[in-house]
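Reading through the structure tokens given below for one structure.
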Amino acid sequence: MSAGAPRVSFSQVTTLQSSFADDIRAYADAGLDGIGVWELKLREGRDAEALEQLEASGLASASAVPLVPSILPLPLLGGPDDPAERLDALCASLHRLAPFRPSGIVCLTGTGAGRDPEDARAIVADGLRTIAAEAESLGLIVAVEPHQREGGEQWTIVSTIPDAVDLIREAGDSPALGLQFDVWHLWNTPTLEDDIEREIGRFAGVHVSDAREPTRGWADRVLPGEGTADVAHIISLLDRAGWDGLYDIEIFSDDGTFGSSYPDSLWAVPAADLLPRALAAFHEAWEASRVA
């Protein structure tokens, strides 16, 4: 286990209603170590300004999330239906996000619903091969993210680390293809301990949140230690396996943006109040992980 303090970042979706500049200021003021850039926060024609703000802040760059984050469609998020159009958008995002030097670019597979499973898999494998070549030329890692298996039909064709690794191998196993680990997506995987130990070298980023039980929907995550996932235990597994990157707190908590206005939505909490609360929750889970 590592002897030092963990490095903690915030994924920008956690403070969904704030601007890029507001996030930079708030994250730096809160003493965070990094930021997970979301392309949706970048204003058209203002990338150079955003990059200057990031560099001046001293924040490290965790995994970034592109506007179109999957090869196959994501019906609940919208975007083009045509995988070729989505692939073009993903490649354009690689070029836009590369100057921010993220630890990885998150990539979901998207849903195979309505397609022959073999065809869907072939489309994703071919797409990953194309994206990997582009990423390699830019010095980037594309981080394939397995999606939570419960309710995953609208999101993914892979829901475990071994599933994602098999897909990466089908796509040619480029060094530009890695994995995005997400506690909310993977906490209930029966083989999680072995999966982490075996594949930690592929991890480009780690997203941290907790799972509400019962959940009210896909955008209903809670802070570490406030749900049913054993976040402290999972952190201990990651740490023991050798993860020394950023722990990126990523919270989806719908305030009506995606159709469900939860009365206790964390997206409705001002960043100045949410940041210290979330940091305290993470550090409590970290301390518990020392025991675990």
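Positions are given from 1, in the same order as the sequence printed here.
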Student check: side-chain heavy atoms of [X] and [Y] closer than 4.5 Å:
| X | Y | value |
| --- | --- | --- |
| Tyr27 | Leu59 | yes |
| Leu128 | Cys107 | yes |
| Ile161 | Leu186 | yes |

*Specify whether Tyr247 and Trp286 have parallel, tilted or perpendicular ring planes, treating 30° as the upper limit for parallel and 60° as the lower limit for perpendicular.*
perpendicular
*When the ring planes of His147 and His185 are compared, do they come out parallel, tilted or perpendicular, using 30° and 60° as the limits?*
tilted
_Keeping Tyr262 on the side-chain end and Arg216 on the backbone end, is there a donor-acceptor pair under 3.5 Å?_
yes
*Does a side chain donor of either Glu39 or Ser93 reach within less than 3.5 Å of an acceptor in the other side chain?*
yes
*Report yes or no: do Asn188 and Gln148 form a side-chain donor-acceptor pair below 3.5 Å?*
yes
If you count the non-hydrogen atoms of other residues, nucleotides and ligands that lie under 6.0 Å from [atom1] in [X], is the total more than 12?
| X | atom1 | answer |
| --- | --- | --- |
| Glu284 | CD | no |
| Asp264 | CG | yes |
| Glu55 | CD | yes |

*Flag yes if Val269 and Phe282 sit in one hydrophobic cluster, no otherwise; membership is Ile, Leu, Val, Met, Phe, Trp, Tyr, and two members link when side-chain heavy atoms are under 4.5 Å apart.*
yes
*Consider only side-chain heavy atoms of I, L, V, M, F, W and Y, link residues closer than 4.5 Å, and tell whether Val208 and Ile251 are in one cluster.*
yes
*asked:* What I want to find out is whether Glu118 reaches Arg121 closely enough, with some N-O distance under 4.0 Å, to be called a salt bridge.
replied: no
*Taking the six-membered ring of Phe20 as reference, does the NZ or CZ atom of Arg43 fall below 6.0 Å from its centre and within a 45° cone about the axis?*
no
